[in-house]
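For reference, the structure is listed below as structure tokens.
What's counted below: heavy atoms across the whole structure, side chains too, no hydrogens, waters or symmetry copies. By convention in this document, chain letters (A, B, ...) are assigned in the order of the sequence lines, proteins followed by strands, and residues within each chain are numbered from 1.
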There are 2 protein chains.
Amino acid sequence: MTCDAVNMSSRPKSPHHHGNLRVALVDAGLAILLEEGLGGLTLRRAAARAGVSHAAPAHHFDGLSGLMTAIATRAYGMFADRLAAGRDLPAKGDEERLLNICLAYLDFSRDHAGLFDLMFVSPGPDRDDPTLKAAGAEAYQILREGCRPFAADGTADPVVEIAVWTMVHGYALLGLSSPESPKRQIVEIPPFAALLRRLLSRRDHSKTDG
Amino acid sequence: MTCDAVNMSSRPKSPHHHGNLRVALVDAGLAILLEEGLGGLTLRRAAARAGVSHAAPAHHFDGLSGLMTAIATRAYGMFADRLAAGRDLPAKGDEERLLNICLAYLDFSRDHAGLFDLMFVSPGPDRDDPTLKAAGAEAYQILREGCRPFAADGTADPVVEIAVWTMVHGYALLGLSSPESPKRQIVEIPPFAALLRRLLSRRDHSKTDG
DNA sequence: AGAGCAATGTTGACGGCGTCAAGATGACCT
DNA sequence: AGGTCATCTTGACGCCGTCAACATTGCTCT
């Protein structure tokens, strides 16, 4: 049995046995991602930030890929929290609730681009890791539940789910949620709400927004 | 491997003055991307593949970023060719034609993942480069034209354009176009045609396909 | 309690990377 | 012919991930 989950408040001054270096390294990596983005994340820098030598992480993670996997797992938890917060916002109906979830998705991708890149873009994390997959599935469930009212059968409609997911994900990765997106030079970028409304509308609606 | 870098202006004998090293380096980088993906692309390896020393590219490109920009520009040209080929396939109507463009988009992202990653994922290329932006806009025009029949006004509808673009882009980047996508464990992935039909349908149709 | 040992962290080294500086070489111009 | 400049080479630097060897800690077993 390992000696994890022990005192991290009272840290002995011993040069060895940091206390809970595994957690500290994930914290350090998370901070680096938030401050400098994916390009700043390095095994050696995370180790330095945790106050430990450059080779220490090797005893806790399977190389940089392992550290990235652990960080991405934590990041998915933060992501799921943000999606849940969007879901729990006051909404007038099902469509507005789903929109709030999607907007939380886009806010996260813009405000925590480093985390988002690690989660979805970087080839570093081991995407077959069961813990990481579970964290990702948990976040996806929130989006899925938001789509449920729009399913044909009332339970689950993969077409709606995947259509919403791909659209919000593409919107995020194309950088369209940033007001200064360079894409605006070749096309006027509508707000995401307009895209979602267009996708969810099943009958002719004459009212259009500006 | 044959020395096929330059055939139009061949100067094979001199150790210096390669002939057209700039083109040869882009060719080499393109080949690396096709064979090994984005992770294999390196300034030194592209130089070695072109038969020059590791520092030679510095005289033709602004570092790795500059080489990536040049490669991405060429890749956008190949991408636009594929989209145009999809557009020119025989189609029964406007929706099938747009679908063929989108399928070409997805095929390219799957078959040339290295190029696709460089174009859309890697932070390397300088996305403000005018040549690169022009190449990207040219490819986008093909998708835009395919969307034109579905515009409300008949000319251009940013909502339709962006909705289709984000959906196909998200579908590509989530890896959903690969039959062995791990996402299939958490959700049944419908074919892209179903997503597109759902997006373009403006009136109730009760029949759903499998 | 004391021995042994696994866990944990350190130092040092290796090769690969991007990048810069300085030198060599060949083409072109006057 | 001589000069000049673009082009390419060599070598070096620091950073990176990773491995090997070593030191220290603290638990466990007898």
Side-chain angles (χ1 to χ4, degrees), chain A residues 1-8 10-29 32-33 36-71 118 122-126, chain B residues 3 5-6 9-29 32-33 36-71 118 122-126:
Chain A
M1 185 176 294
T2 60
C3 61
D4 55 357
V6 290
N7 52 350
M8 63 181 293
S10 70
R11 196 162 358 104
K13 299 180 184 303
S14 65
H16 292 66
H17 288 72
H18 175 282
N20 198 341
L21 183 55
R22 185 181 170 93
V23 171
L25 285 169
V26 174
D27 289 340
I32 291 173
L33 284 173
E36 311 174 42
L38 184 56
L41 179 60
T42 277
L43 210 44
R44 292 173 108 104
R45 299 228 284 151
R49 188 159 187 141
V52 109
S53 73
H54 67 266
H59 294 276
H60 295 274
F61 301 99
D62 182 16
L64 177 62
S65 173
L67 176 61
M68 283 178 162
T69 304
I71 298 173
L118 181 70
S122 167
D126 173 17
Chain B
C3 179
V6 180
S9 64
S10 64
R11 284 176 213 215
K13 49 182 74 72
S14 67
H16 291 68
H17 289 71
H18 178 282
N20 199 344
L21 182 54
R22 183 181 171 93
V23 172
L25 285 169
V26 174
D27 289 339
I32 292 172
L33 283 173
E36 310 174 42
L38 184 56
L41 179 60
T42 277
L43 210 43
R44 291 172 108 105
R45 299 228 283 151
R49 188 158 186 142
V52 293
S53 73
H54 66 267
H59 294 275
H60 296 274
F61 302 100
D62 182 16
L64 178 61
S65 173
L67 175 61
M68 282 179 161
T69 304
I71 298 173
L118 181 70
S122 167
D126 174 17

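Atom CG in Asn20(A) sits roughly 15 Å away from atom C1' in dG9(C) (whole-Å rounding). Computed from coordinates, the Leu21(A) CG to dT25(D) C1' distance equals 15 Å when rounded to whole Å. One atom, CG of Leu41(A), and another, P of dC16(D), lie 11 Å apart when rounded to the nearest Å. With rounding to whole Å, Leu67(A) atom CG is found 9 Å from dG17(D) atom P. We find that CG of Leu64(B) is positioned 15 Å from C1' of dC15(D), with the value rounded to whole Å.
Considering only side-chain atoms of His59(A), the nucleotide from dC16(D), dT19(C), dT8(C) that sits closest is dT8(C).
The side chain to side chain contact (heavy atoms under 4.5 Å, CB included) check on Arg49(A) picks up Ala28(A), Ala31(A), Ile32(A), Glu35(A), with sequence neighbours excluded.
Summary of the strand contacts: Arg44(A) and His60(A) both lie near DNA chain C, and taking for each the nucleotide with the nearest heavy atom, the more 5' one is attributed to His60(A).
At a non-hydrogen distance threshold of 4.0 Å, Arg45(A), His54(A), Ala55(A) from residues 45-57 of chain A come into contact with DNA chain D.
When atom types are taken as modelled, the side chain of Thr69(B) and the backbone of Pro125(B) share no donor-acceptor pair closer than 3.5 angstrom.
Here the straight-line distance linking atom CZ of Arg22(B) with atom CG of Asp27(B) works out to 12.0 Å at 0.5 Å rounding. Distance CG/Asp126(B) to CE/Met68(B): 12.5 Å, rounded to 0.5 Å.
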Return all side-chain donor-acceptor pairs below 3.5 angstrom for residues 55-64 of chain A, not counting sequence neighbours, or 'none' if the list is empty.
none

